[in-house]
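Residue numbering restarts at 1 for every chain, and letters A, B, ... go by the order of the sequence lines.
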Amino acid sequence: MNFTDELVQWYLNNKRDLPWRNTTDPYVIWLSEIILQQTRVEQGMPYFYRFLEKYPNVSSFAAAHEDEILKLWQGLGYYSRGRNMLKTAQLVQELHSGRFPDSYDELIKLKGIGEYTAAAIASFAANEAKAVVDGNVYRVLARYLGIYEPINSTGGKKTFQKVADDFLNKKFPGLHNQAMMEFGAMLCKPKNPNCGICPIRAGCVAFKTNAVATLPVKLKTVKVRERFFNYFLITEGDTILMNKRGDKDIWANMFDLPMTETDTLLTVEELLKQPEISAVFGNSIKVIEVSPVHKHILTHQRLFVRLIKIEKQPLKMHQNWVKISVQNLHELALPKIIFILLKNIFNL
DNA sequence: ATCCGGGACT
DNA sequence: AGTCCCGGAT
């Protein structure tokens with residue numbers, strides 16, 4: 001047997017008996033699919049029953065008030081799903097006279113229905129040959145075929161959609177889609193998949209190469225840290241006070257200017273009240289000029305940088321500080337943003 | 001306490 | 001690319 005036949009066979013023997021299966025009513029399937037987005041079956045189940053009881057058809061749903069929908073949705077999270085459902089129900093009422101569409105091309109136009117949900121409803125309700133690609137499908141295909149392209153990259157999404165389309169059982173697309181997802185949810189799980197009893201492990205690249213735990217590959221969504229750099233421009237004659245950076249942080253061992261980092265954007269007045277600033281520059285700091293705040297993007301940091309020109313005070317020199325003439329600035333390794341800030345002032 | 005999984009919209 | 005949310009796993 002081939003891949004899809006094995007999976008369908010497995011599905012028929014192992015599927016859970018879920019209330020939204022064994023119906024071809026696109027409204028009921030829609031209800032279940034939206035509720036199950038980003039939601040586990042056990043958590044979504046009671047909501048599915050409540051919604052179906054209160055709104056047995058799309059017309060009753062369309063007549064609801066948004067407050068009612070959100071109240072009924074309470075606790076499920078991603079509340080835009082509920083708001084989009086109401087819009088879609090009203091749209092179906094107007095455009096399709098209350099008959100919920102079951103073709104991919106009509107479904108995809110509706111609010112809150114993307115590629116996955118359109119393919120799911122169209123294939124389950126009308127056996128349209130559209131392959132679903134959800135988290136389960138990504139995982140099953142990545143492992144079985146040994147695809148290392150990240151599933152959350154733009155190219156990866158294209159690749160996996162194409163592979164899923166190629167593998168789709170064109171005779172029984174609904175059954176095939178259900179089987180792929182149920183297999184991923186029940187057997188080919190993210191953690192501790194049951195490879196020991198897997199019917200397709202003989203053809204599974206990940207199983208054969210011991211890569212089940214590493215697939216699928218997902219790009220780390222590096223959470224971006226925000227930092228606020230307040231630089232001080234202090235000149236004396238044609239010299240400028242520069243700072244050689246340490247070797248731990250960004251721009252290791254390069255040159256910038258004396259600065260104070262804050263974790264919020266302070267006004268200049270607030271900034272100058274910071275004790276570590278008066279400790280160095282004294283209490284009567286005269287601000288001559290303040291640059292706009294420049295946003296500088298790094299891989300995992302967002303820097304908000306500004307340059308504050310102050311009148312020279314008798315100051316306590318830091319050991320990493322150096323006075324350098326403006327003519328010699330070009331000899332120092334300057335981070336891009338520092339170069340920009342200085343260039344604006346000195347026409348470097 | 002922190003991380004992870006999961007579709008669609010903007 | 002960032003944002004929306006929660007529950008289960010670690």
Peer 1: Please report the distance, rounded to the nearest Å, between OH in Y78(A) and P in dG7(C).
Peer 2: 13 Å

Peer 1: Quick check: closest heavy atoms across Y47(A) and W73(A), and the distance to 0.1 Å?
Peer 2: CE2-O, 3.6 Å

Peer 1: Could you go through nucleotides 8-10 of chain B and list every protein N or O atom that sits under 3.5 Å from one of its N or O atoms, giving the distance for each pair?
Peer 2:
| unit_1 | atom_1 | unit_2 | atom_2 | d |
| --- | --- | --- | --- | --- |
| dA8(B) | OP1 | G114(A) | N | 2.8 |
| dA8(B) | OP1 | T117(A) | N | 3.0 |
| dA8(B) | OP1 | T117(A) | OG1 | 2.4 |
| dA8(B) | OP2 | Y116(A) | N | 3.2 |
| dA8(B) | O5' | G114(A) | N | 3.4 |
| dC9(B) | OP1 | G112(A) | N | 2.6 |
| dT10(B) | OP1 | K111(A) | NZ | 3.4 |
| dT10(B) | OP2 | K111(A) | NZ | 3.4 |

Peer 1: State whether a side-chain donor-acceptor pair under 3.5 Å links N243(A) with D256(A).
Peer 2: yes

Peer 1: Could K162(A) and D166(A) be called an ion pair, given the rule that one side-chain N must be under 4.0 Å from one carboxylate O?
Peer 2: yes

Peer 1: Taking CG from L36(A) and C1' from dG6(B), how many angstroms apart are they, rounded to a whole number?
Peer 2: 11 Å

Peer 1: Decide whether E261(A) and N230(A) meet the rule of one side-chain donor and one side-chain acceptor closer than 3.5 Å.
Peer 2: no

Peer 1: Contact class for R83(A) (heavy atom, under 4.0 Å): base, sugar-phosphate, or nothing?
Peer 2: nothing

Peer 1: Could you please name the option among dG5(B), dG7(C), dC5(C) that lies closest to any side-chain atom of Q43(A)?
Peer 2: dG7(C)

Peer 1: Is the shortest distance from a Lys or Arg side-chain nitrogen in R201(A) or E6(A) to a carboxylate oxygen in the other one below 4.0 Å?
Peer 2: no

Peer 1: Please figure out whether N192(A) or T154(A) has its closest DNA chain C nucleotide nearer the 5' end.
Peer 2: T154(A)

Peer 1: For residues Y231(A) and P258(A), determine if any side-chain heavy atom of one lies less than 4.5 Å from a side-chain heavy atom of the other.
Peer 2: no

Peer 1: Nearest whole angstrom, please: distance from the C1' of dC6(C) to the OH of Y47(A).
Peer 2: 9 Å

Peer 1: Return whichever of K191(A) or Y79(A) has its heavy-atom-nearest nucleotide of DNA chain C closer to the 5' end.
Peer 2: Y79(A)

Peer 1: Find the distance R40(A):CZ to dC6(C):P and express it as a whole number of Å.
Peer 2: 14 Å

Peer 1: Strictly below 4.0 Å: does Y138(A) bring a side-chain N or O up to OP1 or OP2 of dG6(B)?
Peer 2: no

Peer 1: Could you state the CD1-C1' distance from I151(A) to dG6(B), rounded to the nearest angstrom?
Peer 2: 10 Å

Peer 1: Give the rounded distance in Å between these two atoms: CD1 of I35(A) and C1' of dG7(B).
Peer 2: 15 Å

Peer 1: Once you round it to whole Å, what is the distance between P of dC4(C) and CG of L76(A)?
Peer 2: 18 Å

Peer 1: How many Å lie between CD on Q74(A) and P on dC5(C), as a whole number?
Peer 2: 13 Å

Peer 1: Locate the shortest heavy-atom distance separating G77(A) from R81(A); write the atom from each residue and the value.
Peer 2: O-NH2, 3.0 Å

